[in-house]
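The structure under discussion appears below in the form of C-alpha cells.
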Amino acid sequence: MSPRPAKKRTVARQDLGNRIAHWLIALSTFALIFSGFGQMPMYARYGVTDLPGMAWSGDFGITLIVHYAASIGLITGIAFHIVYALRLRRFDILPRRGDVKESVQIIGAMLGRGEEPPSHKYLAEQRLAYAFIGANLLLVTATGVVKVVKNLPGVLLPGPVLFWTTMLHNVAAMLLVLGVLAHLAAFLVKANRPLLPAMFTGRVREEYARKRHPLWFDAEDGPRLELLPQPTERRRRPRPDGTQRKTAG
Amino acid sequence: MESISRRAFLGRGVLAGTVAATAAIAKPAKAFAAPATGQTKATFIDLTKCAGCGACVTACRTKNTNRYPDPVDDIPVNWPTDGFEDWQEQRDDTDKLTPYNWIYVEQLEVDGVSVNIPRRCMHCDNPPCANLCPFGVQEKTAEGAVVIDHSGCMGGAKCRDVCAWGIPQRQAGVGLYLNVLPGIMGGGVMYKCDMCADRLAAGGVPACVEACPSGAVTFGDQEEMRALARARTEEIGGHLYGDAENGGTSTFYVSPVAFDRIDTALSRKRIALSKKNRTGVPHMKPNVGNRLDTANDMALGMALGPVVGVAAAAIAAAKIVKGDDAE
Ligand code: HEM
Ligand code: SF4
Ligand code: SF4
C-alpha cells in the first residue's frame, strides 16, 4: 500500500477516554448552564417561555430536574477524568511556569506579531484554559453538592452558609460561562481549527502537529506515526540521534 | 510490574480520597441538621373553635406594621413586561395575603357549615421557598420559622412559584434591586409571615397566637402540636391538614369538614375574583406535594456518579496500561 499524501496524514491525539470525558463534561455543562439560568426566575419574565416549544423552561420543577440530571453527568465525567489522568499519569495539560507569558506570545503571533513559540501537546493558553475551566467546574460542583444536601428533608443549613454557598455557586457559574465562551471563541481563530478533529475523530493532521506542537511530536511519548487506514506495519520516524524507537506491539 | 503496582496504588488512593471527600461533605450537613424535634415549634389551629373575629390579623398588622414595604414614588417598570406588582392601594385589605397583610381569615360556607380558617405561611419542614431561593437569602431557623431576609431579596418571586400555596407576596419599588439594575433585573421584595421569629428567639410566642380570644390556636413543640392535632381529629371525627402536605409543616389545621370540600369552595371563590386578587388566596388541596420530591429522589444518583466515573476510568486505564506493557 502506498503511503498517503503527506498533507492527509494524521496522528492520534485524543484517545477515546479523553473524548468521552470531554463530551460528557461539555454536554452536561451546557445543560447545567441552561437549566441553571432557569433556576433564576428569568425565562418567564424575559419571554423565553413564549418561544415555540419552550413553555417548560419557566417551570422550576422541570428545570430543577434537568439541573440535577446534568449534574450527575458532570460529576461522573469529572471523576472519570481525574482518575483516568492520574492512572495514566497524563499531566501535560496542567499549567506550567511561564504559561501566561507564552500565551501572550501565541496570541501576538496570531495577530501577526512575532513567532509562535514551539508548543508541547497543549498550547500554553490551552493549559490555562484547562485550569480556569477546571477550577470553576470544581467550585460549582462542590457548592452544588452542598445545595443538593441542603434540599434533602431534615437538613437545615444556617443562613450565612446558605448565602455564601449560593453566592459562590452563582459566581463560579458566571466565570464558567465566560470560560466556555472563550473556549468556543478560540475556534474562531483559524490557527486553532486543526485541533477540532481531535475531539471528534481523536486525530489531528500530522503536518499541524509537527509544526505547532514539535515538543510533543518529537517527544518520547509523542504521537505514534500511523497511517489511515491502519497499516499492518507501523512506521517510525528515526530519532534525531539516530537510535531506533521502541516499536509498538 | 513495579510500575503497575504503583499505578494501582495511585488508583486506590484516589478512590479512598473520593470516599473521604464525600464523607467530609456529608458530615457538616449532619452537624447542621434540624435540631432534635422538640425545639422545632408549630401551631395547632382548631377550626371548630375559630370564630373568625380577626384578632390574629389585627395583632399581626400591629406587630409588623413598621416592617411593611415603603416603596419609592417612581416604581420602575419591569422590562420587558409592562408592569410591576404594587399593593400600596390595597394596604388596608385584610381579606387576602398581600405584602401588607401576612395573615387573613378565610371565611367559607362548606356544605352548610361555616368555617373560618386563618391562613398564612405553613412553615414547612423542608421549605422549597427557602431551599430554592437563587440568592440564598431565606432560611429556616432552629425554631422552624421560615424567614425571608428583606434586605437581600431581589423580588424575582421564585419562592411564590415554588411554594405549594403561593404564599410569599411581592411589592415593587423596594429593596436591593433598586440599587442593582432596576427595571432590568428583580422586581421588589417578597413578604410573608415569619412566625414572629424575633419573638420566638426571645422565648415568646407569635403575636397572632397570643391574640386569639377563642382558644383556637395552640403553640408549642412541633411533636406535641402534632399529637394534639391528631387526637383532636380523632375526637371529632374530623380532618387534618398540614401534617402530610408539602412533606410536612409546622401548621396543623383540624376541621369538621373535609379539606377537599373546603378546597372546592375556595376555588369557586377564587374564580369570581379579579386576576390580581387571586394571588394570596391559597388553596387547601389535601396531600399537595413538595416541589423538591423528585429532585431529592435523584440525589442518590449523584452519589453514584463518582463511583461509576472512578470505576470506568480505572478499568479503561488498566486496559491501556496492560496494552502498553504487552509491547
Ligand atoms: C461545542 C462545544 C465544544 C467544542 C467543539 C469543543 C472542542 C474542543 C477541542 C477541539 C479541544 C482541544 C483538544 C486538543 O487540544 O486536542 C477542547 C479542549 C477542551 N475543552 Fe472543549 N469543546 C466544547 C465544549 C466544551 C465545554 C462546554 C467545556 C467545559 C465545560 C470544555 C472544556 C474543555 C477543556 C477544559 C479543554 C482543554 C483546554 C483547551 O483545549 O482549551 N469544552 N475542546
Ligand atoms: S408555606 Fe410556602 S412560603 Fe411558607 S414555608 Fe411552606 S413553601 Fe415556604
Ligand atoms: S406568626 Fe407573627 S408574622 Fe405570622 S401571622 Fe402570626 S403574628 Fe403575623
Side-chain angles (χ1 to χ4, degrees), chain A residues 15-17 20-21 24 39-42 44-47 58 60-61 64-65 67-69 71-89 142 145-159 161-167 169-170 246-249, chain B residues 7 10-11 14-15 18 25-26 29-30 32-35 78 80-81 125-126 130-140 142 147 149 152 156-158 161-162 185 187 247-248 290-292 294-296 298-299 301-302 304-310 312-314 316-318 320-321 326-327:
Chain A
D15 69 3
L16 190 62
I20 289 176
L24 180 58
Q39 300 307 303
M40 298 287 171
M42 57 180 275
R45 167 157 177 188
Y46 300 115
F60 296 114
L64 186 66
I65 290 168
H67 208 61
Y68 267 58
S71 77
I72 296 176
L74 178 70
I75 296 176
T76 310
I78 290 178
F80 179 93
H81 166 69
I82 292 176
V83 173
Y84 196 64
L86 285 176
R87 280 292 269 122
L88 297 174
R89 301 218 204 111
V145 166
V146 175
K147 283 161 79 78
V148 167
V149 170
K150 150 218 82 163
N151 282 349
L152 293 171
V155 178
L156 295 186
L157 299 187
V161 174
L162 277 183
F163 178 77
W164 286 110
T165 312
T166 311
M167 207 53 155
H169 192 72
N170 295 354
K246 188 166 67 157
T247 40
Chain B
R7 279 171 183 155
L10 195 55
V14 169
L15 188 63
T18 312
I25 290 167
K30 271 254 173 69
F32 295 134
N78 295 337
T81 70
D125 291 347
N126 194 31
N131 276 329
L132 296 177
C133 172
F135 298 98
V137 294
Q138 284 196 41
E139 75 171 314
K140 188 169 171 71
V147 183
D149 173 3
K158 182 182 181 184
D161 289 345
V162 297
M185 205 182 129
N290 191 306
R291 286 298 194 103
L292 290 167
T294 315
N296 281 333
M298 295 170 77
M302 221 162 285
L304 286 177
V307 178
V308 172
V310 167
I320 292 175
V321 171
E327 273 173 24

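Order of the sequence lines fixes the chain letters, A, B, ..., with proteins taken first and strands second; residue numbering starts at 1 for each chain.
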Worksheet item: Which heavy atom of Y84(A) sits nearest a heavy atom of A316(B), and at what distance?
Response: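 Nearest heavy atoms, Y84(A) then A316(B): CE1-CB, 3.8 Å.
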
Worksheet item: What heavy-atom pair brings L157(A) and V161(A) nearest, and what distance separates the two atoms?
Response: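 Smallest interatomic distance, heavy atoms only, reads CD1-CG1, 4.2 Å.
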
Interface moiety of [X] toward chain B, non-hydrogen atoms closer than 4.5 Å:
X       : answer
L64(A)  : side chain
A69(A)  : both
N151(A) : both

Taking atom [atom1] of [X] and atom [atom2] of [Y], what is their separation to the nearest 0.5 Å?
X       : Y      : atom1 : atom2 : result
H81(A)  : L24(A) : NE2   : CG    : 12.0 Å
H67(A)  : F60(A) : NE2   : CZ    : 13.0 Å
M298(B) : I72(A) : CE    : CD1   : 5.0 Å

Item to complete: Specify which of L292(B), N290(B), V137(B), T81(B) makes the most heavy-atom pairs with chain A at under 4.5 Å.
Response: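 When all of L292(B), N290(B), V137(B), T81(B) are compared, L292(B) has the most.
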
Worksheet item: Based on non-hydrogen pairs under 4.5 Å, which of A314(B), A318(B), G152(B), G301(B) is most in contact with chain A?
Response: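 The option with the most such pairs is G301(B).
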
Practice prompt. Would you mind checking which part of N131(B) comes under 4.5 Å of any heavy atom in chain A, side chain (CB onward), backbone (N, CA, C, O), both or neither?
Written response: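 Looking at N131(B), backbone and side chain both touch chain A.
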
Discussion item. Quick check on N78(B) against chain A: is it the side chain, the backbone, both or neither that has a heavy atom closer than 4.5 Å?
Written reply: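 Interface part for N78(B): both.
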
Worksheet item: Hey, which of M167(A), H169(A), R45(A) has the most heavy atom pairs under 4.5 Å with chain B?
Response: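 Most heavy-atom pairs under 4.5 Å with chain B: R45(A).
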
Worksheet item: Do you know which of L74(A), V148(A), T76(A) makes side chain to side chain contact (heavy atoms under 4.5 Å, CB included) with M302(B)?
Response: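 By the side chain to side chain contact (heavy atoms under 4.5 Å, CB included) criterion, M302(B) pairs with just one of L74(A), V148(A), T76(A): V148(A).
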
